[in-house]
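Have a look at the structure below before the remarks.
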Amino acid sequence: MKQNFIVNVESITEEGLNITTAWDAQTVKELLQREEEEEEFRVCSPLSLKLSFALIGKRVIIEGDLDTLLEITCVSCLSKFKQPLEIKFRYILWPQTKATAEESEKELHEEDIDIEYYQREVIELKPLVREQLYLALPQNPHCKKDCLGLCPLCGNNLNEQRCDCLLINGEDDSPFNILKRLKQQ
């Protein structure tokens, strides 16, 4: 399937414009890659993108759905797991004029949050998709809701196997052992 990265505003008719496309995993990886950081995740599937464009005067309203599958590292147990991303989004795009470019330093209000700008009758999809993907990525990804993490003494993944470190070594070190001893008396 052909990868679409740019939409010409003149191609949006009165009835609108619908685009269904897929971006390959390598394109998505390049889209999300930050230069100074090591890779936080691996793209496991092509990105499926369904877009609907409507034209109201010179304004363009974009409603979209995108989904892909990423492999992310759990922050608790450090194991890799697959995280599906299914995102619905909406943008209102205005044509950028010289006046709007100069106003870019003004304070934003709540109604300004959904507004973006396009230049020269062209809408670039990559920045919009990149923004939605980063907004959907979990801040502290966990492989499962009740992830047990790693043993602080031996480093075993407690989801895969139990260890006796906390029972042997942690018994005397716990500040709550004093309360246990008081309760036993």
Side-chain angles (χ1 to χ4, degrees), residues 1-5 19-52 62-92 108 110 112-116 123-185:
M1 189 175 282
K2 185 181 174 207
Q3 301 182 106
N4 294 333
F5 303 121
I19 296 176
T20 301
T21 186
W23 294 358
D24 61 45
Q26 182 62 32
T27 301
V28 177
K29 179 182 175 185
E30 291 168 5
L31 185 71
L32 294 174
Q33 193 170 21
R34 298 180 197 169
E35 292 176 23
E36 68 280 352
E37 294 182 18
E38 64 181 64
E39 194 172 295
E40 296 174 37
F41 42 80
R42 185 176 66 86
V43 181
C44 299
S45 72
L47 181 134
S48 172
L49 187 59
K50 295 176 186 170
L51 299 170
S52 172
I62 303 174
E63 292 183 348
D65 296 320
L66 65 87
D67 61 83
T68 190
L69 184 67
L70 302 178
E71 185 178 78
I72 302 177
T73 303
C74 176
V75 295
S76 292
C77 66
L78 302 179
S79 63
K80 303 239 184 244
F81 70 99
K82 295 208 167 127
Q83 173 74 46
L85 294 181
E86 297 173 355
I87 308 164
K88 291 187 179 299
F89 60 92
R90 178 185 168 138
Y91 283 102
I92 301 170
L108 288 177
E110 189 173 336
D112 297 330
I113 299 296
D114 292 335
I115 297 176
E116 294 286 334
I123 299 170
E124 292 186 41
L125 299 178
K126 279 186 173 183
L128 303 177
V129 170
R130 178 185 301 117
E131 179 179 64
Q132 290 303 314
L133 288 170
Y134 273 119
L135 287 172
L137 283 173
Q139 293 268 334
N140 294 308
H142 288 85
C143 58
K144 57 185 179 179
K145 197 174 194 175
D146 57 344
C147 178
L148 298 174
L150 301 175
C151 172
L153 299 174
C154 69
N156 278 341
N157 184 341
L158 298 175
N159 296 314
E160 296 171 1
Q161 69 180 144
R162 293 275 177 216
C163 66
D164 294 329
C165 295
L166 295 178
L167 296 176
I168 295 169
N169 296 326
E171 184 70 20
D172 297 328
D173 297 339
S174 173
F176 296 105
N177 283 335
I178 296 170
L179 295 174
K180 283 183 186 177
R181 282 188 228 125
L182 286 173
K183 187 177 178 183
Q184 291 172 353
Q185 291 178 355

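- The shortest side-chain heavy-atom distance between K126 and W23 falls under the 4.5 Å cut-off.
- Between F89 and L49, the closest heavy-atom pair is CZ-CD1, 4.3 Å.
- Atom-to-atom distance recorded for T21:OG1 and F5:CZ is 7.5 Å, nearest 0.5 angstrom.
- The CD atom of Q83 sits 11.0 Å away from atom SG of C143, with the distance rounded to the nearest 0.5 Å.
- To the nearest 0.5 angstrom, L66 atom CG is 4.0 Å from I87 atom CD1.
- Listed by chain and number, the residues in a side-chain hydrogen bond (donor to acceptor under 3.5 Å, both in side chains) with S79 amount to none (sequence neighbours excluded).
- Taking OG1 from T73 and NE2 from H142, the interatomic distance works out to 12.5 Å, rounded to the nearest 0.5 Å.
- T68 contributes a side-chain N or O that, together with a main-chain N or O of S45, makes up a donor-acceptor pair within less than 3.5 Å.
- Not counting sequence neighbours, the partners of E63 by the salt bridge (charged side-chain N to carboxylate O under 4.0 Å, His left out) test are R90.
- Here S52 pairs with N18 under the side-chain hydrogen bond (donor to acceptor under 3.5 Å, both in side chains) rule; sequence neighbours left out.
- Counting only residues at least two apart or in different chains, salt bridge (charged side-chain N to carboxylate O under 4.0 Å, His left out) contacts with residues 64-76 comprise R42-E71, D65-K88.
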Output side-chain donor-acceptor pairs under 3.5 Å for residues 130-141, partner residues at least two apart or in another chain, one line each.
| unit_1 | atom_1 | unit_2 | atom_2 | d |
| --- | --- | --- | --- | --- |
| R130 | NE | L31 | O | 2.9 |
| E131 | OE1 | Y91 | OH | 2.2 |
| Q132 | NE2 | Y91 | OH | 2.9 |
| Y134 | OH | L32 | O | 2.2 |
| Y134 | OH | R34 | NE | 3.2 |

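- To the nearest 0.5 Å, the span separating CD1 on I62 from CD1 on I92 amounts to 10.5 Å.
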Donor-acceptor list for residues 146-157 side chains, cut-off 3.5 Å, not counting sequence neighbours:
| unit_1 | atom_1 | unit_2 | atom_2 | d |
| --- | --- | --- | --- | --- |
| N157 | OD1 | N159 | N | 2.9 |
| N157 | OD1 | N159 | ND2 | 3.3 |
| N157 | ND2 | E160 | OE2 | 3.4 |

